[in-house]
Structures are given as C-alpha cells and as structure tokens.
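Written out below as structure tokens is the structure these notes cover.
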Amino acid sequence: MAKELKLMKGNEAIARAMIASGTDGYFGYPITPQSEVMETLMAERPWDPKGENYTGMVVLQAESELASINMVYGGAATGKKVATSSSSPGISLMAEGLTYLAGAEIPCVIMNAMRGGPGLGTIQPAQSDYFQSTKGGGHGDYQLYVMAPSSVQEMYDFVFDAWDIAFKYRNPVLILTDGAIGQCMEKCYTRDNVPRWTEEERRANAPWGTWGKPATRGHNIITSLELESSRQEVFNQKLQAKYAEMKEKEVRYEALNCDDADYVFVAYGTSARICMKSMELARAKGLKVGLLRPITLFPFPTKQVAELATRVKGMLCVEMSAGQMIEDVKLAADCKIPIEHYGRFGGIIPTPEEVLEAMENKIVK
Amino acid sequence: MAFKGQIVIDIERCKGCGVCLEACPMHCIELSKNVNGKGYNYTHTVNDNCIGCASCAIVCPDGVISVYKVKC
Amino acid sequence: MSNLDIVKPENLVYQKSKVLTENVMHYCPGCGHGTAHRLVAEVIEELGIQDKTVGVSPVGCSVLAYNYLDVDFQEAAHGRAPAVATAIKRLNPDCYVFTYQGDGDLAAIGTAETIHACNRGENITMIFINNAIYGMTGGQMAPTTLLGMKTATTPYGRDQKLNGWPFQVTELLAQLPGTYYVTRQSVHTPANVRKAKAALKKAFENQKLEKGVSFVEIVSSCNSGWKMTPVQANKWMEENMFPKYPLGDIKVDGELVKK
C-alpha cells in the first residue's frame with residue numbers, strides 16, 4: 001500500500017500496518033472485538049504473488065489462541081517478524097505463550113483489543129487488563145513492552161515502532177488497546193511498504209534464530225528452560241537489567257496542559273480521549289486541568305508522574321476498570337498529593353461530563 | 001564368506017542397560033563386574049566371536065559402541 | 001589376524017552419528033529415547049540436511065533433546081510443538097522441521113495442536129514416543145497407558161470406568177486427509193531399529209513432496225516407570241504393548257494400508 005489518507009477501523013489499521021511494516025507472519029484466532037484484523041489480512045492476501053498487496057507475508061487462522069501464540073513462538077524464533085492479535089479472554093489463553101516468549105527472549109508483536117471481564121464478560125470495550133499486561137499475566141518475573149494507542153493513527157504507527165523495540169530488546173511488545181479504538185473509524189495516514197527482511201537481513205538481525213545451523217556456527221537453541229538454579233538466577237538478572245534499560249530509555253507519554261495545571265487527569269487509550277474533552281470543559285469553567293497520557297504502560301512514565309506530583313494539587317486516574325493503573329500512579333507520586341480513581345466497567349465508556357464531575361467531587365472539592 | 005569384527009566401547013558413557021547383550025547373536029559381550037565413573041557395570045567383550053554385525057551398536061541407546069569389521 | 005588389528009579407520013562399519021553432540025544423554029539406562037535420538041541424527045546426517053533442519057522438543061523426558069541433536073532447536077510449551085513447528089515450516093519452507101513428543105505431550109495436553117497440524121496437512125515430520133507413561137514427572141498414567149497397567153496415578157491398574165480407554169491416537173491421525181505417511185515402529189531389537197530408521201528417513205524425505213504430515217510413532221519402554229530392568233521392559237512391551245499398538249505402516253503415500 002502506498003502513502004495515503006484513508007478512513008479505517010483501528011483493527012484494520014493494525015492489519016494494514018502489519019503488511020506495510022514488513023511483517024513476515026500473522027497467526028490468529030477470531031474473537032470480538034478484533035476479528036477485523038485477520039479478516040483484513042485474509043482479504044488483502046499478502047501471501048499471494050498475484051494480489052495487489054503481495055509482500056510474501058504468511059497469514060494463518062489457528063485452531064485456538066493457544067495455538068496461535070505458539071505459532072508466533074515458533075515463527076518468531078526463526079528471527080522473522082511474527083505477530084498475533086486477540087481480545088481479553090484470548091489473551092488469557094495466550095498467557096502461557098507470552099511467558100515462554102519473554103523467557104526465551106523472542107521479539108514479536110501482540111495486540112489486545114480489551115473487552116470487559118472477568119470471564120467471558122462482555123464484548124464491549126474495557127481497560128481491565130492493565131494488571132495482566134504490565135504485571136505478568138503469565139508466570140515468572142517477566143515484562144512485556146506495553147504500548148497504549150489512543151487513536152486509529154496510533155494503532156497504525158505503533159506497529160512500526162513495536163518492531164523496532166521488539167528486536168532492539170529481544171522482547172515481546174504488546175499493543176494494548178480496547179474495543180472502542182479497534183472498532184471506531186478514523187482517518188489514518190498510511191505509509192509506503194517497508195520491504196520484508198531479506199534472508200541476509202534476517203540472519204544479521206537475528207543471529208540467535210533457528211533457521212538451520214550452517215557449518216559456521218554452533219546450533220541455536222530457543223528455550224526458556226534452565227535446570228541449574230544458579231544459571232537461571234543469572235538469566236533473570238539479565239532480564240531485569242533489560243527491563244531497567246527500557247525504563248531508562250523507552251518511556252513514552254503525552255502531557256497536555258500540564259505546565260500550568262492545578263489538577264491532572266492520568267489516563268491512557270480511550271479514557272485519555274474522554275479526558276481531553278473533560279479537560280476542555282474544565283478549562284472553560286476556569287479550572288486549570290491538565291492530562292498526562294501514558295503511551296507506554298510498561299515502562300510506565302514514573303518520573304513524569306513524580307515530577308507532576310511536586311507541583312499539582314491532585315490527580316484523578318480515569319480508567320475503564322475498577323482501578324488498576326492507579327497503583328502505578330500512586331507509587332510514582334509517593335503519597336505526596338491526593339490521587340483518586342474514577343472508572344466505569346463492564347463495557348461502559350464514561351462521558352466527559354461525569355469524568356469532570358468526578359474530578360470536582362473527588363479531587364478539587 | 002566369513003567376517004571378523006571388533007567393537008570399541010566408550011566405557012564412561014555406557015549405562016550398563018544390557019540391551020546390547022540381548023542383541024548380540026555371538027554372545028560375545030557381558031556386563032563387567034567392574035563399574036565406570038558413574039557406577040555402572042559397563043559392557044565389555046568376553047571372547048573373540050564378534051562378526052562385526054553391529055547389532056549391539058544399533059540398539060545401544062547411548063551410542064557408546066563403534067564397530068570394526070573385516071572379511072576373512 | 002588378532003581382533004585388535006581390526007580397529008582401523010578403514011574397517012569402521014558403525015559409529016555414533018556426527019549429528020549427535022558429545023553430551024551424555026540424561027535418559028535412564030536402556031531408554032528408547034536415546035536410540036530414537038540416534039536414529040534421527042543418523043537420518044539427518046545421511047540426508048545431508050543438518051544445515052536445514054529445525055527440531056522442536058516437547059515437555060517431558062525429551063525436553064532436553066536439543067542438548068543431544070546438533071541442529072537448530074526450539075523447546076515448546078507442553079503439547080504445543082505441532083503449532084510451533086507449523087509456523088517454523090510455513091515461514092521457512094526450505095527447512096526440514098520435525099517435532100519430537102511423548103504420549104502425554106502429543107496425545108493429552110497437546111491433542112488439539114496435534115490433530116489440527118495433521119488436519120491442515122503441515123509439511124512436517126512428527127515423531128511420537130509412546131511408552132504409556134509420564135516418565136519425567138514420576139510415572140503417572142498417560143493417555144496410552146494400557147488397561148490394568150499400574151502407574152503412580154493408577155496404583156491399582158488403569159480402570160476403564162475411572163480413566164477411560166488407552167488412546168490409539170496414531171490410528172485416529174491416519175484417518176485425517178492431512179497425514180501422508182503414518183507408521184508405528186519400535187527400537188528394541190536390531191531388526192526393529194533398522195525398520196524404524198527407514199521409516200524416519202522416509203518421513204523426513206517426504207517433506208520435499210509437500211503432501212502433508214509424516215507421522216512416526218515409536219512404541220518404547222520406560223523401564224524406570226514400569227519398574228523393570230531394561231531387558232524385562234522390552235519383553236513386557238512385546239507381550240503387552242504390541243497387541244494394543246501393533247507395529248507396521250498404517251498409511252503410506254496418503255493411502256490407508258489394508259490389513
């Protein structure tokens with residue numbers, strides 16, 4: 001696809017960005033509200049040399065999310081750019097694969113269009129997988145790099161950024177969005193296709209990959225198993241050092257009207273968009289309100305929250321959950337100022353008015 | 001035509017499972033009364049009847065037997 | 001000529017494959033895994049595909065297969081090897097890709113991945129070691145455990161009412177149109193080893209045909225789990241396992257073998 005301006009769904013943007021960013025493979029399983037990702041890929045048929053969007057990318061519908069994440073594990077272990085997408089219950093099934101991917105240090109991209117839980121829950125948007133995304137989900141001490149787009153354009157752009165981070169750190173990247181952004185249609189600037197890596201590029205970018213052992217090197221082994229505890233501990237220390245480097249170098253956020261703010265909303269994704277309007281309503285009433293929007297949820301913009309906590313009077317965390325990100329905000333602010341949560345859940349998106357009211361009642365008082 | 005053979009056993013890798021004894025048609029191997037570094041009664045040859053058929057080697061789970069063979 | 005004079009390079013007729021590493025295998029004495037590993041290595045060496053082969057190991061006793069076979073290797077989560085191998089092959093169609101799984105991995109926790117990889121007709125080789133027990137975790141009942149067979153979780157013998165029937169997964173997979181070659185072998189005697197090796201060689205060579213899964217079951221003993229000596233276990237296997245899991249080809253060139 002060439003560079004152009006198009007109207008598209010967030011899910012479609014993810015799919016088109018995968019093709020355009022030189023992704024080698026996608027393995028998925030249908031689940032609402034993100035099925036358009038695979039539907040778009042199947043319609044575009046990038047594997048077909050006769051198709052208009054031929055890149056050589058492999059697309060396969062798996063028999064389950066368990067299978068699709070393990071296909072990602074297999075394909076990505078060969079040093080290729082392999083991705084999947086799902087929604088909350090499907091991500092729970094993928095948790096096993098995610099911890100193996102992190103444990104074996106395999107770069108890959110996963111998209112979660114969150115829906116309300118727990119259990120089968122609802123198919124409407126929610127943000128209740130923050131803990132699952134940033135505090136584990138699977139077992140063991142591991143971290144995904146977690147990006148939270150708040151527009152269709154960011155859905156598109158973050159796929160490109162995700163590949164850079166994934167290979168730079170040999171780590172899975174999770175694009176954490178929700179059903180609202182996945183389903184809503186917005187304008188989106190697409191990019192010229194980045195060609196898929198050549199065989200030489202693949203080998204140079206992933207010298208650890210399992211593509212067949214040439215005589216010039218020993219065999220590459222992709223595993224997360226280490227029966228010798230002393231070596232496992234050293235490996236875990238290496239992972240932690242990697243996560244520390246991400247915290248140092250790869251934090252992304254957006255600060256709107258924070259310079260003169262007395263009060264600040266902290267919100268990501270869909271909630272951040274609601275807060276933008278609430279901020280506008282507040283400013284119209286003479287309340288100096290700003291918005292801090294974490295773009296990366298891991299690593300979390302801890303320093304930015306801490307700095308704000310030294311000069312604002314209070315913060316309201318707005319999430320479509322019972323209050324998950326607020327824990328990271330409170331830790332960062334170190335109890336210096338009042339911090340409260342406002343959230344709706346079960347698939348309900350709060351209105352700008354009720355969010356402003358919550359700010360006034362809980363923080364401004 | 002007759003063949004004469006000889007096997008070479010990597011004693012330290014042998015686990016003394018005895019599967020090769022059953023496979024040998026010439027009854028020329030037994031488990032030693034001595035043990036290797038891991039404490040296994042390793043396999044060893046007890047006579048010159050070997051015909052180099054390699055039956056012992058191809059059933060050995062640990063690949064500890066090399067086989068040599070000549071026509072005679 | 002004394003026998004010692006025979007030991008010269010020109011007289012060498014058998015030695016361990018170069019595709020095996022120098023690591024001493026962790027398997028119990030007499031375990032069929034070692035023999036099966038050896039045969040896989042010999043086949044890879046003889047086909048000259050060491051630089052194009054990628055193996056996928058399971059969770060179970062053979063989780064560490066990558067320590068012994070000198071080819072690129074990935075260790076899959078329990079039961080997921082067929083899904084892992086699917087993507088490796090689809091993204092690297094020039095590679096020879098094989099899974100190596102035990103009965104618990106392939107026929108219990110990974111049943112869905114096994115059946116669907118076979119049903120899609122992935123161009124991979126699947127090697128299935130059936131010793132009717134969970135060896136690594138201490139000898140519990142496997143899906144293929146025989147009726148009446150005592151294990152750590154069937155201490156009074158497998159009872160059909162409680163535990164269901166032994167699972168003849170290989171016969172089931174042979175019914176799927178995506179399997180091209182399905183066979184059952186063993187590695188406990190020289191003759192059986194030769195047949196098993198020929199089957200494995202065919203199963204690897206078939207990948208060039210792009211006609212679907214080549215599936216090799218190897219009925220094996222677990223003398224530790226069965227609480228027998230290696231030689232006793234092999235005899236017990238012949239008498240008890242083979243009637244339920246008869247050796248021989250089940251499907252050849254995409255056609256079921258008529259019995």
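Residue numbers begin at 1 in each chain, while the letters A, B, ... track the order of the sequences.
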Just so I know, are the side chains of [X] and [Y] near enough to count as touching, which here means a heavy-atom distance under 4.5 Å?
{"X": "A:Y100", "Y": "C:V84", "result": "no"}
{"X": "A:W211", "Y": "C:K52", "result": "no"}
{"X": "C:F73", "Y": "A:I222", "result": "no"}
{"X": "C:R90", "Y": "A:L60", "result": "yes"}
{"X": "C:V54", "Y": "A:T78", "result": "no"}
{"X": "C:N92", "Y": "A:R202", "result": "yes"}
{"X": "A:E63", "Y": "C:R120", "result": "yes"}
{"X": "A:L225", "Y": "C:L64", "result": "yes"}

Okay, side chain of [X], backbone of [Y]: is any donor-acceptor separation there less than 3.5 Å?
{"X": "A:H219", "Y": "C:V71", "result": "yes"}
{"X": "A:K213", "Y": "C:D70", "result": "no"}
{"X": "C:Q74", "Y": "A:Y73", "result": "yes"}

Answer key: most heavy-atom pairs under 4.5 Å with chain C among A:L227, A:V72, A:L66, A:V58 is A:L66

Counting heavy-atom pairs under 4.5 angstrom with chain C, the leader among A:N220, A:I69, A:D24 is A:N220

Is any NZ, NE, NH1 or NH2 atom of the basic residue among C:D72 and A:R217 found under 4.0 Å from an Asp or Glu carboxylate oxygen of the other?
-> yes

So what's closer than 4.5 Å to chain A heavy atoms on C:T53: side chain, backbone, both or neither?
-> backbone

